[in-house]
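First the structure, in the form of structure tokens, and then the observations on it.
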Amino acid sequence: MTLFITSAEAQETHGEAPVVQVPGEAINTVVVHEEGGHGGTFPPFDPSTYASQLLWLAITFGVLYWTISRIAAPRIAGILEVRRDRIAGDLSEAERLRGETDAAVAAYEQSLADARKNAGAIAAETRAQLSRELDDRRRTIEADLATKLADAESRIRDIKTKALAEVDGIATETTEAIVAALIGNVSREEAAAAVSGVRKS
């Protein structure tokens with residue numbers, strides 16, 4: 001049988017002087033056998049305890065294995081399964097969002113191309129409409145100018161005719177006065193005939 005006693009008790013047992021315990025100082029323990037000798041094998045290394053150590057090792061390993069296989073492993077597997085499902089879901093969502101983004105980009109590019117095409121068509125139609133409007137205005141202005149020019153020419157002819165008529169009258173009167181002063185009285189018809197003959201020549 002093995003006992004654990006302090007060094008002071010060991011000294012008292014062997015008849016040595018007592019050891020004074022200083023406060024705050026650790027008490028040393030020694031292993032004393034009944035035979036009165038020190039030493040012996042450390043129990044875990046004692047061959048006589050191998051059987052019980054192996055038994056308790058097997059029991060402990062079995063309990064630990066059962067705990068891990070029935071409690072810890074399913075929880076870990078569940079956590080891994082949840083994480084795997086979450087990662088798969090995130091990847092699927094990312095793939096879906098990428099598909100939607102690609103579709104949105106393609107739709108935007110198509111809309112942009114259609115807008116450019118429509119802008120070109122609108123620009124061409126606007127140019128054609130402006131050209132037609134300018135042609136209409138030009139024709140209207142040309143017709144207005146032609147009408148004004150015809151009116152002006154008509155007024156000029158009227159003025160010319162009136163002027164010529166007045167010139168003929170003035171020339172006839174002047175001729176009549178000159179002839180009367182030179183050779184005597186002459187009729188107006190003779191003076192007008194003389195002026196008309198001079199103007200025609």
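The first residue in the sequence is number 1, and the count goes up from there.
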Distance (rounded to the nearest 0.5 Å) between Leu64 CG and Ile59 CD1: 13.5 Å

Distance check, rounded to the nearest 0.5 Å: Glu142 atom CD versus Asp135 atom CG? 9.5 Å

Ile87: side chain to side chain contact (heavy atoms under 4.5 Å, CB included) partners, not counting sequence neighbours: Arg83, Leu91

Can you sort out the partners of Val82 under side chain to side chain contact (heavy atoms under 4.5 Å, CB included), two or more places apart, ordered by chain and number? Arg86

Nearest heavy-atom contact between Tyr50 and Phe45 is OH-O, 3.7 Å

Kindly state each residue pair satisfying salt bridge (charged side-chain N to carboxylate O under 4.0 Å, His left out) with at least one member in residues 94-103, sequence neighbours excluded. Glu93-Arg96, Glu95-Arg98, Arg96-Glu100

Please step through side-chain contact (heavy atoms from CB on, under 4.5 Å) for the pair Thr49 and Ser52, ending with a clear verdict. CA-CA 6 Å; Thr49 62; Ser52 62; 4.1 Å; yes

Of the non-hydrogen atoms in Pro74 and Ser69, which two are nearest, and what is the gap between them? CD-O, 3.3 Å

Quick one: salt bridge (Lys or Arg N to Asp or Glu O under 4.0 Å) partners of Glu133, sequence neighbours excluded? none

Only counting residues at least two apart or in another chain, list the ones meeting salt bridge (Lys or Arg N to Asp or Glu O under 4.0 Å) with Glu109. none

Check: Val63 main-chain N/O paired with Thr67 side-chain donor or acceptor under 3.5 Å: yes

In Å and rounded to the nearest 0.5 Å, what is the CG to CG distance from Leu80 to Asp85? 11.0 Å

Contacts of type side chain to side chain contact (heavy atoms under 4.5 Å, CB included), residue Ser111, not counting sequence neighbours: none

How long is the gap from NZ on Lys117 to CG on Leu112, to the nearest 0.5 Å? 12.0 Å

Donor-acceptor contact present, side-chain Thr126 to main-chain Ile122, <3.5 Å: yes

Under 4.0 Å between a Lys/Arg side-chain N and an Asp/Glu carboxylate O for Asp158 and Arg155? no

Nearest 0.5 Å, what's the CD1-CZ distance between Ile68 and Arg75? 13.0 Å

Would you check if the side chain of Thr60 reaches a backbone N or O of Leu57 as a donor-acceptor pair within less than 3.5 Å? no

Within the side chain of Thr140, is there an N or O that forms a donor-acceptor pair under 3.5 Å with the backbone of Asp136? yes

